Amino acid sequence: MKNLLAHRRNVLGQLQGVSGINPENAVKAIQEELTLIEAGLEELKPPPGSLPDNEWSQ
């Protein structure tokens, strides 16, 4: 899921740099997807102290 988040952020950056077309709808869609992905990642985090130190606790 983190790869999806990084990919969407990359796509958003590319869209924001586009000229000659209006990428407004695509930018809005990507921003909404980022919000959903970030919320999903938060839900997947285990409660603090429930696991030993790992990538989730950093």
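What you are looking at is a predicted structure, and each value in this text was computed from that prediction instead of being measured.
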Practice prompt. Can you measure from CD1 (Ile37) to CG (Leu4) and round to the nearest 0.5 angstrom?
Written response: 3.5 Å

Worksheet item: Can you tell me how far CG of Leu34 sits from CZ of Arg8, rounded to the nearest 0.5 angstrom?
Response: 8.0 Å

Worksheet item: What residues form a side-chain hydrogen bond (donor to acceptor under 3.5 Å, both in side chains) with Glu32, not counting sequence neighbours?
Response: none

Item to complete: State which residues pass side-chain hydrogen bond (donor to acceptor under 3.5 Å, both in side chains) with Gln16; sequence neighbours excluded, sorted by chain then number.
Response: none

Discussion item. I'd like to check the salt bridge (charged side-chain N to carboxylate O under 4.0 Å, His left out) partners of Glu43; sequence neighbours left out, ordered by chain and number.
Written reply: none

Discussion item. I'd like to check the side chain to side chain contact (heavy atoms under 4.5 Å, CB included) partners of Gln14; sequence neighbours left out, ordered by chain and number.
Written reply: Asn10

Response to the item:
The single option from Asn3, Val11, Leu5 that satisfies side chain to side chain contact (heavy atoms under 4.5 Å, CB included) with His7 is Val11

Response to the item:
Taken to the nearest 0.5 Å, the spacing of Leu15 CG from Asn22 CG works out to 11.0 Å

Worksheet, complete the sentence: Applied to residues 11-26, the salt bridge (Lys or Arg N to Asp or Glu O under 4.0 Å) test, sequence neighbours excluded, yields none

Worksheet item: Under the side-chain hydrogen bond (donor to acceptor under 3.5 Å, both in side chains) test, which residues partner Glu38, sequence neighbours left out?
Response: Arg9

